[in-house]
A.B. asks: 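Okay, here's the structure, questions in a sec.
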Amino acid sequence: MEGAQAAEWDRRKQQELYALLKRRGFVWPSFEIYGGVAGFYDLGPLGSVLKDNIESAWKRTFLVEEGFMQVDCPSISPETVFRSSGHLEKFSDIMTRCVSCSAPFRADHLLSDAGIDAVDLTAEVMGTYLTEKDVRCPSCGGTLGPVEEFNLMFKTHIGPGTDRPAYLRPETAQSIFMDFSMLYRSNRERVPFGVAQLGKGYRNEISPRQGLLRQREFHMAEGEFFFDPLERTFPPFSTNRDRSVPLLMASDPERTVEMPLGRAVEDGIICSEVLAHFMGVTHRFVLSIGIPRAAMRFRQHGRKEMAHYANDCWDLEVLTSSGWVEMVGIADRSAYDLSQHARGSGCDLTALRRFTTPRTKEAVKVRTDKKVLGPLFKARAKEVDELLCGTGSAELERMRSSGTIQLVLKDGSSVNVPASAFSFETVTETVQGERYTPHVVEPSFGIDRLMVAVLEHSYVETASSPMKESDKDEDGDGGPYRVMRFLPSVAPIKCGVFPLLPKDNLPELALKLSSELRSAGLAVHYDPSGSIGRRYARMDEVGTPFALTVDHRTLEDGTVTIRDRDTGEQRRLRSSDAARKVLDLVQCSTAFSDL
RNA sequence: GCAGGUGUGGUCCAGCUGGUUAUGACUAAGGCCUUCCAAGCCUUUAACCCGGGUUCGAAUCCCGGCACCUGCACCA
């Protein structure tokens with residue numbers, strides 16, 4: 001069903017990989033000594049570095065290359081935030097359960113089937129209605145149990161007592177919207193601009209089954225790119241216009257079509273250049289951490305799947321042992337989030353659209369004479385003054401010509417204002433621009449899922465180590481030879497350093513070499529024990545791309561061997577050049593074959 | 001959350017018609033050997049998911065919890 005490539009992941013291979021991940025210290029279930037809790041995982045010594053390296057690659061793409069500004073905000077937010085964002089409502093289901101067959105149902109769905117509009121009803125009220133209308137279990141006809149609210153957000157409280165409810169964020173994005181004005185100012189009041197945040201998100205999943213793919217606490221990296229919806233073109237898109245990507249359109253969910261992003265925008269398949277640009281950026285980033293091109297596709301959300309305010313939404317999916325899995329969601333969320341928070345907070349979250357030339361506008365202004373208003377209205381003078389200025393000049397003119405100028409004050413009383421209390425003045429105003437709410441395109445990355453994808457796509461099983469002479473079936477059933485073919489940039493350890501034998505001063509030389517590499521900023525692993533083949537194998541298993549070995553020739557001419565993980569090939573280098581060469585190899589500025 | 005299955009050293013597994021010193025392999029650690037790809041030999045560490053019950057005696061039978069697998073539901 002999921003295609004030949006997924007089928008290649010039989011259960012044995014998957015277990016083999018997950019055993020390796022635990023054995024070598026990449027990842028394992030949390031709280032194991034207490035029996036564990038579903039949906040929580042610990043990243044071990046290698047896993048946490050791998051995650052950092054993926055995040056570093058992400059920062060390089062979004063912060064350095066795309067110029068996003070970074071923020072780092074709290075994980076806990078007061079309830080009002082999620083009331084505005086819509087999470088309080090959208091993230092919770094009001095559930096009921098059949099007493100006899102225990103099938104779960106959404107109470108609001110059952111009520112609307114019974115002809116009652118259940119929107120905005122509380123769980124309690126829904127329960128009452130269900131009883132009144134004698135709604136029964138649709139599958140077996142049994143009675144329904146109590147109605148309960150289930151929210152996917154973790155709830156907590158700020159301070160003592162329970163009167164300040166708060167939630168752990170289900171995504172990192174909201175704080176960026178709340179900080180919009182500060183960020184707009186940081187960007188010297190110019191749109192477009194992007195803001196990024198890396199951090200944890202929390203979702204209290206009902207039953208997180210697919211292991212690392214669906215966790216209750218997970219790493220996210222999100223970007224929010226604010227732009228003016230009236231700008232039709234987006235110049236940075238030129239870097240991605242010709243990039244060809246596989247698209248699975250909502251109109252034809254059976255067929256993946258490969259096409260350049262530029263054409264997809266022209267043909268109206270992708271809604272804007274901004275959205276297409278970030279699909280291109282995402283494609284480039286995911287390739288850069290080692291996911292093969294063929295294992296990627298962009299899937300467009302259908303109308304129903306998409307939130308009502310969204311214009312267009314594409315998921316980057318990667319083929320894994322669990323089939324195609326969403327790794328990144330790239331959505332055009334229009335002005336929804338900023339508008340919601342503007343309304344909820346009463347604060348202005350708009351930007352200024354500057355006119356190319358400031359517009360001058362002639363306006364007739366009301367000018368009041370306070371010397372007349374003060375003695376006449378005393379304490380009420382201020383209110384009358386404000387009313388006069390607030391009333392349009394045209395309206396005042398009309399009233400003046402009709403003879404009486406009567407204004408109604410807040411307390412309901414009305415006052416007559418003499419015509420001498422104000423005059424009209426024609427002023428010319430220059431208007432620099434108009435305020436508008438920017439739209440936002442949100443690329444949202446699941447870092448843990450990307451890590452799983454990197455691990456699975458890096459994992460290779462072979463019959464024997466790369467340079468083994470005879471391919472004879474070793475009688476030991478130690479399983480296949482396992483290699484993690486990480487790209488050097490994401491590999492947790494960049495280089496192994498070994499003495500060929502633990503004697504003749506070789507360990508001392510190797511230790512010296514290893515500290516030289518460390519000083520150059522390289523994560524190295526020094527290992528003097530066991531046969532050389534075993535040590536290479538250990539490094540292959542954790543995906544270390546290179547290994548340096550000090551041997552007896554080192555004593556004579558100061559050269560060491562360097563081994564390439566994927567081919568097993570070896571070259572000799574001057575020991576004194578080793579650190580720089582390995583650095584070049586890791587940064588991919590030199591190829592192994594050019595050494 | 002429901003139904004069914006499963007839970008034994010770091011990993012994979014045997015034992016599970018109650019009584020064993022709980023089997024084996026891999027890995028790991030130490031040593032011998034070894035001049036480049038998991039070689040060999042010796043040694044060592046290390047396990048019955050948690051809690052309760054039945055029983056003279058529980059890894060084994062029963063109940064509850066937790067976790068994992070399969071299916072259903074859920075996945076804004």
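Order of the sequence lines fixes the chain letters, A, B, ..., with proteins taken first and strands second; residue numbering starts at 1 for each chain.
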A.B. asks: What integer distance in Å separates Lys13(A):NZ from U11(B):P?
C.D. replies: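 After rounding, the gap between these two atoms is 22 Å.
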A.B. asks: Counting only Watson-Crick pairs (N1-N3 plus N6-O4 or O6-N4) and G-U wobbles (N1-O2, O6-N3), all under 3.5 Å, who is the partner of U35(B)?
C.D. replies: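 No nucleotide pairs with U35(B).
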A.B. asks: Nearest-nucleotide wise, let me know which of Gly533(A) and Val37(A) is further upstream toward the 5' end of RNA chain B.
C.D. replies: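 Whichever sits nearer the 5' end wins; that is Gly533(A).
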A.B. asks: In terms of side-chain heavy atoms of Arg538(A), which of C75(B), A29(B), C36(B) is nearest?
C.D. replies: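 Minimum distance to the Arg538(A) side chain belongs to A29(B).
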A.B. asks: Starting from C1' on U35(B), measure out to CG on Leu509(A) and report it in whole angstrom.
C.D. replies: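 That distance rounds to 15 Å.
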A.B. asks: Using atom P in both nucleotides, what's the gap between G64(B) and C2(B) to the nearest angstrom?
C.D. replies: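 Straight-line distance between the two P atoms is 11 Å.
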A.B. asks: Could you tell me how far apart Leu506(A) (CG) and U35(B) (C1') are, to the nearest whole angstrom?
C.D. replies: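 Spelled out: CG on Leu506(A) to C1' on U35(B) is 9 Å.
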A.B. asks: Base, sugar-phosphate or nothing for Arg535(A)? Non-hydrogen atoms, less than 4.0 Å.
C.D. replies: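 It contacts nothing in the nucleic acid.
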A.B. asks: Base, sugar-phosphate, or nothing for Pro502(A), non-hydrogen atoms under 4.0 angstrom?
C.D. replies: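 Base contact.
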A.B. asks: Of the nucleotides U34(B), C37(B), A67(B), which one has an atom closest to the side chain of Lys503(A)?
C.D. replies: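 In terms of side-chain proximity for Lys503(A), the closest of U34(B), C37(B), A67(B) is U34(B).
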A.B. asks: Name the residue closer to the 5' end of RNA chain B, choosing between Arg216(A) and Glu541(A) according to the nucleotide with the nearest heavy atom.
C.D. replies: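 Of the two residues, Glu541(A) wins.
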A.B. asks: What's the verdict on side chain to side chain donor-acceptor pair (under 3.5 Å) for Asp551(A) and Thr549(A), showing C-alpha distance, side-chain angles and the deciding distance?
C.D. replies: CA-CA 6 Å; Asp551(A) 58 15; Thr549(A) 302; over 6 Å; no
A.B. asks: How is Gly568(A) classified with respect to the nucleic acid when contacts are heavy atoms under 4.0 Å: base, sugar-phosphate, or nothing?
C.D. replies: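 It contacts base atoms.
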A.B. asks: Figure out the CD/C1' separation between Glu16(A) and U27(B), and round it to whole Å.
C.D. replies: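 Answer to the nearest Å: 12 Å.
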A.B. asks: Of the listed nucleotides (C68(B), U35(B), G30(B)), which one gets closest to any side-chain atom of Leu501(A)?
C.D. replies: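 When the side chain of Leu501(A) is considered, U35(B) is the closest of C68(B), U35(B), G30(B).
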A.B. asks: How are the rings of Phe546(A) and Phe592(A) set relative to one another: parallel (under 30°), tilted (30 to 60°) or perpendicular (over 60°)?
C.D. replies: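 Parallel.
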A.B. asks: Distance check, P atoms only: C75(B) and U6(B), in whole angstrom units.
C.D. replies: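 Their P atoms lie roughly 31 Å apart.
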A.B. asks: Side chain of Tyr536(A) only, please: which of A29(B), C36(B), A38(B) is the nearest?
C.D. replies: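 When the side chain of Tyr536(A) is considered, C36(B) is the closest of A29(B), C36(B), A38(B).
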A.B. asks: Check if the side chain of Arg23(A) and the base of C12(B) share a donor-acceptor pair of N or O atoms closer than 3.5 Å.
C.D. replies: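 Per atom types, no contact qualifies.
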A.B. asks: With a 4.0 Å limit, can you tell me whether Arg553(A) has a side-chain N or O closer than that to the phosphate oxygens OP1/OP2 of U35(B)?
C.D. replies: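 No, because none of the side-chain N or O atoms of Arg553(A) sits under 4.0 Å from OP1 or OP2 of U35(B).
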A.B. asks: Pick the C1' atom in A59(B) and in C41(B), then give their distance to the nearest Å.
C.D. replies: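 A59(B) and C41(B) have their C1' atoms separated by 34 Å.
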A.B. asks: Sticking with atom P, work out how far G65(B) lies from G10(B), rounded to a whole angstrom.
C.D. replies: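 Result for the P pair: 27 Å, nearest Å.
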A.B. asks: Can you figure out which of U27(B), C68(B), C36(B) approaches the side chain of Ala38(A) most closely?
C.D. replies: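 From the listed options, C68(B) comes nearest.
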A.B. asks: For U60(B) versus C69(B), give the span between their P atoms, rounded off to a whole number of Å.
C.D. replies: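 Result for the P pair: 24 Å, nearest Å.
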A.B. asks: Could you tell me how far apart Phe498(A) (CZ) and C36(B) (P) are, to the nearest whole angstrom?
C.D. replies: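 So the CZ-P distance, Phe498(A) to C36(B), works out to 15 Å.
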A.B. asks: Using the C1' atoms only, state how far U8(B) lies from C48(B), rounded to an integer number of Å.
C.D. replies: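 Each nucleotide's C1' atom is 4 Å from the other's.
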A.B. asks: Would you say the side chains of Ser444(A) and Glu171(A) form a donor-acceptor pair under 3.5 Å?
C.D. replies: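 No - no donor-acceptor pair under 3.5 Å links their side chains.
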A.B. asks: If I pick the P atom on A28(B) and the same atom on C62(B), what distance separates them, to the nearest angstrom?
C.D. replies: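 C62(B) and A28(B) have their P atoms separated by 39 Å.
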A.B. asks: Distance criterion of 3.5 Å, no angle test: do you see the side chain of Glu32(A) paired donor-to-acceptor with the base of A67(B)?
C.D. replies: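 In this structure, the two groups form no donor-acceptor pair.
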A.B. asks: Side-chain N or O of Arg24(A) less than 4.0 angstrom from OP1 or OP2 on U27(B)?
C.D. replies: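 It does not, given that no N or O in the side chain of Arg24(A) lies less than 4.0 Å from OP1 or OP2 of U27(B).
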A.B. asks: So, does Lys22(A) get its side chain near the phosphate of U11(B), meaning an N or O under 4.0 Å from OP1 or OP2?
C.D. replies: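 Yes, because at least one side-chain N or O of Lys22(A) sits under 4.0 Å from OP1 or OP2 of U11(B).
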A.B. asks: Per the side chain to side chain donor-acceptor pair (under 3.5 Å) rule, which among Gln197(A), Glu224(A), His341(A) passes with Gln174(A)?
C.D. replies: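 Result for side chain to side chain donor-acceptor pair (under 3.5 Å) with Gln174(A): His341(A).
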A.B. asks: Is there, by distance only and without an angle test, a donor paired with an acceptor across the side chain of Glu205(A) and the base of C75(B) below 3.5 Å?
C.D. replies: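 Answer no: no donor N or O sits under 3.5 Å from an acceptor.
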A.B. asks: Using a cut-off of less than 4.0 Å, is there contact between a side-chain N or O of Ser531(A) and OP1 or OP2 of A38(B)?
C.D. replies: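 For A38(B), OP1/OP2 do not have a side-chain N/O of Ser531(A) under 4.0 Å.
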A.B. asks: State which of C74(B), G30(B), C37(B) makes the closest approach to the side chain of Ser465(A).
C.D. replies: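 Looking only at side-chain atoms, Ser465(A) lies closest to C37(B).
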A.B. asks: Please step through side chain to side chain donor-acceptor pair (under 3.5 Å) for the pair Gln210(A) and Ser322(A), ending with a clear verdict.
C.D. replies: CA-CA 8 Å; Gln210(A) 297 109 302; Ser322(A) 315; over 6 Å; no
A.B. asks: Checking base pairs now: Watson-Crick or wobble, both atom distances under 3.5 Å. What partners G51(B)?
C.D. replies: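 Base partner found: C63(B).
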A.B. asks: Looking for any heavy atom pair under 4.0 Å, which part of the strands does Gln570(A) touch: base, sugar-phosphate only, or nothing?
C.D. replies: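 If one applies the 4.0 Å heavy-atom cut-off, Gln570(A) turns out to touch a base.
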A.B. asks: Do Phe486(A) and Pro492(A) have side chains that approach each other closer than 4.5 Å (heavy atoms only, starting at C-beta)?
C.D. replies: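 Heavy-atom side-chain distance check passes, below 4.5 Å.
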A.B. asks: How long is the line joining CD of Gln210(A) and P of C69(B), in whole Å?
C.D. replies: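 Spelled out: CD on Gln210(A) to P on C69(B) is 9 Å.
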A.B. asks: Kindly assign one of parallel, tilted or perpendicular to the pair Phe82(A) and Tyr167(A), based on the angle between their ring planes and the thresholds 30° and 60°.
C.D. replies: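 Plane angle over 60°, so perpendicular.
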A.B. asks: Of all the nucleotides listed (C36(B), U34(B), A38(B)), which has the minimum atom distance to the side chain of Tyr481(A)?
C.D. replies: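 Shortest atom-to-atom distance from the side chain points to A38(B).
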A.B. asks: Hey, are the side chains of Lys200(A) and Met220(A) touching, using non-hydrogen atoms and a 4.5 Å cut-off?
C.D. replies: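 No, every pair of side-chain atoms sits at 4.5 Å or beyond.
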A.B. asks: Is any side-chain nitrogen or oxygen of Arg482(A) closer than 4.0 Å to OP1 or OP2 of A38(B)?
C.D. replies: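 No, outside the criterion.
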A.B. asks: Look through every strand shown and name the nucleotide pairing with C68(B) as Watson-Crick or G-U wobble, where both distances are under 3.5 Å.
C.D. replies: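 Its partner is G5(B) (Watson-Crick or G-U wobble, both distances under 3.5 Å).
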A.B. asks: Going by distance alone, is a donor N or O of one side chain under 3.5 Å from an acceptor N or O of the other, for Asp448(A) and Tyr41(A)?
C.D. replies: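 No pair is found: no donor N or O on one side chain lies under 3.5 Å from an acceptor on the other.
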A.B. asks: Considering only A29(B), A38(B), C68(B), which nucleotide approaches the side chain of Ala537(A) most closely?
C.D. replies: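 When the side chain of Ala537(A) is considered, A38(B) is the closest of A29(B), A38(B), C68(B).
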A.B. asks: Expressed in whole Å, how much space separates the P atoms belonging to A47(B) and G9(B)?
C.D. replies: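 A47(B) and G9(B) have their P atoms separated by 9 Å.
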A.B. asks: Looking at C37(B), U27(B), U11(B), which one has an atom nearest to any side-chain atom of Ala19(A)?
C.D. replies: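 It is U11(B).
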A.B. asks: Nearest-Å distance, CD (Gln15(A)) to C1' (C12(B))?
C.D. replies: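 These atoms are roughly 9 Å apart.
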A.B. asks: Grab the CZ-P distance between Phe218(A) and C75(B) for me, whole Å please.
C.D. replies: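 Checked: the CZ to P distance equals 15 Å.
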